[in-house]
Amino acid sequence: MRVRIEPRDECLGDAICADECPEVFVINDEDGLAMVIKESPDESLREAVQSAADECPAEIIIIEED
Ligand code: SF4
């Protein structure tokens with residue numbers, strides 16, 4: 001699985017994704033927007049990544065299969 005946030009400038013900075021899956025998503029200190037810190041997370045994180053995508057109010061978390 002590959003994860004990205006796009007378009008990132010539509011991020012609301014509410015940190016829902018970072019709360020759901022901190023291994024993959026963090027809020028960038030400089031611009032206050034979410035960023036992906038692990039683009040190819042382990043399958044064990046799939047449920048958490050999917051929850052983040054489902055709950056993202058901006059619907060900008062994209063999950064693709066390798
Ligand atoms: S859940 Fe969506 S809108 Fe909220 S911080 Fe994460 S990427 Fe941004």
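Just follow the structure's listing: the first ligand is 1, and inside any ligand the first atom is 1.
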* Using a 4.5 Å cut-off on heavy atoms from C-beta on, say whether the side chain of E23 contacts that of D42. => no
* Structure fact -> Residues passing the side chain to side chain donor-acceptor pair (under 3.5 Å) test with N28, sequence neighbours excluded, are none
* **Partners meeting salt bridge (charged side-chain N to carboxylate O under 4.0 Å, His left out) with R46 (sequence neighbours left out)** => E43, E65
* Asked: What are the protein N/O/S atoms, named by residue and atom, that sit under 2.8 Å from atom 4 (Fe) of ligand 1?
  -> D14 OD1
* To do: Using a cut-off of 6.0 Å, state whether more than 12 heavy atoms not belonging to D29 lie near its atom CG.
  => no
Table please: side-chain donor-acceptor pairs of residues 47-62 below 3.5 Å, with sequence neighbours left out.
unit_1: Q50; atom_1: NE2; unit_2: D54; atom_2: OD1; d: 2.9
unit_1: S51; atom_1: OG; unit_2: E47; atom_2: O; d: 3.1

* Shared hydrophobic cluster for F25 and L45 (ILVMFWY, side-chain gaps under 4.5 Å) -> yes
